> 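Could you have a look at this structure, given as structure tokens, before my questions?
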There are 2 protein chains.
Amino acid sequence: MLSFTEENYLKAIFKLSEKTDGPISTNAIAHEMNTAAASVTDMVKRLAKNDFILYERYKGVFLSKQGDIIARKLIRKHRLWEVFLFDKLNFTWDEVHDIAEQLEHIQSEELVDRMDKYLGSPKFDPHGDPIPNKNGQFAIREQDPLSELVLKDKGIIVGVREHSKAFLQYLEQCNLVLGTHVAVLEIFDYDGSIKIKINHKIEQIITQKVANNLFIIKEE
Amino acid sequence: MLSFTEENYLKAIFKLSEKTDGPISTNAIAHEMNTAAASVTDMVKRLAKNDFILYERYKGVFLSKQGDIIARKLIRKHRLWEVFLFDKLNFTWDEVHDIAEQLEHIQSEELVDRMDKYLGSPKFDPHGDPIPNKNGQFAIREQDPLSELVLKDKGIIVGVREHSKAFLQYLEQCNLVLGTHVAVLEIFDYDGSIKIKINHKIEQIITQKVANNLFIIKEE
DNA sequence: ACATATTTTTAGATTCGTCTAAAAATATGT
DNA sequence: ACATATTTTTAGACGAATCTAAAAATATGT
Ligand SMILES: [Mn+2]
Ligand SMILES: [Mn+2]
Ligand SMILES: [Mn+2]
Ligand SMILES: [Mn+2]
């Protein structure tokens, strides 16, 4: 049985692999996990010895099939717990992540299955991130950053790219939560900021940074 | 922040303190936790140094006020999670304990409060054990082992003394679950076994051992 | 009360996960 | 291509949690 720490390393390597192809460097892992590179080297040797990753000195690591499966299970658990906390216990979307970081390590296949069923087999978590199914497959959907919409485009907010508490709390305050309808009224060349109409009612200007971190499914 | 292990020691000491007065011995803790006595001595020194327990060499330990509070919180969490698993996810009463052993270590006051509310502030867990309230207080109720009832006594099963999977599964099979009505039809002097009527329907003989491990609230 | 049994502590070792500092390998730029 | 910068590994240390074996303290019984 893997320790919490080992599980967290696998999850970090998975996350980094999503954004990079080729091997994941020691340094990248160290940065992702807030540990010293030397610690990563040690751990990476252990994980490789037990066939959770493939490791070549000075090159970096890949997840093995086994490691990949474990990482996906962790993400599945993490996101299902987030849905539970959000849907059933009414936590806000900026609160769920920290608690899910703990809950994702609970060991019980049966618990995951029952939780999935209890929650209605959700395909996306409270941040709009896809929840792997039992086989580790992620749902995919056509979504674009709000910053890529053009004048008069409209759609529904379905996800966020950034997950910081500050960003999520800002969005909450502006009513820019999942499910919200937005329409692009004006795009300012000057700084890329955008005037949008929120839920057919309120007009508001958001920065390009905000727009870039919001995912939209286009309508019409 | 306490480690899982430290929390488990405090819980073990609390449990032992319920059944014994006077200090809890190193050996008793070692037995309760399936560890070597030497390991307990080490840990007990650490816990004492941080004022979670009072420890005197060769004498044993007591929980400090602080240690007692933590132990009660753990038990509260454990039993609330058991209720969740039983009530919401339909686990059986022999399955809930092992998962709750993991879940009891999740750190979030808010989570406990919300879970409590979500479950309707239950006072007893799926085994009939009392759930401490926010202040650590246990509900108490008039209950007797079935073995202490006399001829023609009747009542409702409200708890079990033993928590082994084998016992819980046996009870399930006989329909001797919480809420079941039982009436004493006959007591056999020979071996202390008892013939009971279950839910006004089925008659069955149970051993004295079984009767001793079932708690009843008497009726009429 | 003293010999024996039991309990508890100490001593010394191991594994895990971490660190810092130094050495070695690799990458980069002119 | 070679000096310099960066990345990665090694070396050595530490604290937490555990173990076994031996020593010390306490309890027990005749
Ligand atoms: Mn998250
Ligand atoms: Mn999420
Ligand atoms: Mn339990
Ligand atoms: Mn219980």
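Proteins come first, then strands; the chains are lettered A, B, ... in the order of their sequence lines, and each starts at number 1. Everything numeric here is computed off the predicted structure, so don't read it as measured data.
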> Who does C:dA13 pair with, Watson-Crick or G-U, both distances under 3.5 Å?
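Base-paired to D:dT18.
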
> Return the pairing partner of C:dT20 with a 3.5 Å limit on both distances, Watson-Crick or G-U wobble; otherwise return none.
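WC or wobble partner is D:dA11.
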
> Given B:E109 and B:K73, is the salt bridge (charged side-chain N to carboxylate O under 4.0 Å, His left out) satisfied, shown in steps?
CA-CA 9 Å; B:E109 285 268 344; B:K73 280 187 181 168; 3.0 Å; yes

> Atom NE2 in B:H127, atom CZ in B:F215: separation rounded to 0.5 Å?
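That separation rounds to 13.0 Å.
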
> Answer yes or no: does a side-chain N or O of B:T35 lie under 4.0 Å from OP1 or OP2 of D:dT18?
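B:T35 to D:dT18 OP1/OP2: no side-chain N or O under 4.0 Å.
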
> Before you tell me yes or no, could you show the steps for A:K117 and A:D113 under salt bridge (charged side-chain N to carboxylate O under 4.0 Å, His left out), namely the whole-Å CA-CA distance, both residues' side-chain angles and the distance that decides it to 0.1 Å?
CA-CA 6 Å; A:K117 199 173 164 196; A:D113 292 348; over 6 Å; no

> What I want to check is whether the side chains of A:D51 and A:Q66 have a donor and an acceptor closer together than 3.5 Å.
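No donor-acceptor contact under 3.5 Å links the two side chains.
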
> When we call it a touch if two heavy atoms are under 4.0 Å apart, what does A:Y9 touch: a base, just sugar-phosphate, or nothing?
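If one applies the 4.0 Å heavy-atom cut-off, A:Y9 turns out to touch the sugar-phosphate alone, with no base involved.
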
> Nearest-Å distance, CG (A:D42) to C1' (C:dC16)?
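In whole Å, C:dC16 C1' and A:D42 CG are 10 Å from each other.
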
> Using whole Å, what does the distance between atom C1' of nucleotide C:dT18 and atom CD of A:E6 come to?
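Those two atoms, CD and C1', are 14 Å apart.
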
> So if I define the base as every atom that isn't primed, P, OP1 or OP2, how would nucleotides 2-8 of chain D read as a B/S/- string at a heavy-atom cutoff under 4.0 Å?
-----SB

> Could you check which nucleotide pairs with D:dA25 in any of the strands shown, counting Watson-Crick or G-U wobble with both distances under 3.5 Å?
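In the structure as shown, D:dA25 has C:dT6 as its Watson-Crick or wobble partner.
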
> Side chain of B:T5 only, please: which of D:dA21, C:dT20, D:dT18 is the nearest?
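Minimum distance to the B:T5 side chain belongs to D:dT18.
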
> Scan residues 24-42 of chain A for pairs that pass side-chain hydrogen bond (donor to acceptor under 3.5 Å, both in side chains), counting only residues two or more places apart or in two chains.
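Listed once each, the pairs would be none.
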
> Taking a pair as Watson-Crick or G-U wobble with both distances under 3.5 Å, which nucleotide is matched to C:dT30?
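Pairing partner: D:dA1.
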
> Under the salt bridge (charged side-chain N to carboxylate O under 4.0 Å, His left out) test against A:K11, which residue among A:E6, A:E104, A:E18 passes?
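Exactly one option meets the salt bridge (charged side-chain N to carboxylate O under 4.0 Å, His left out) with A:K11, and it is A:E104.
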
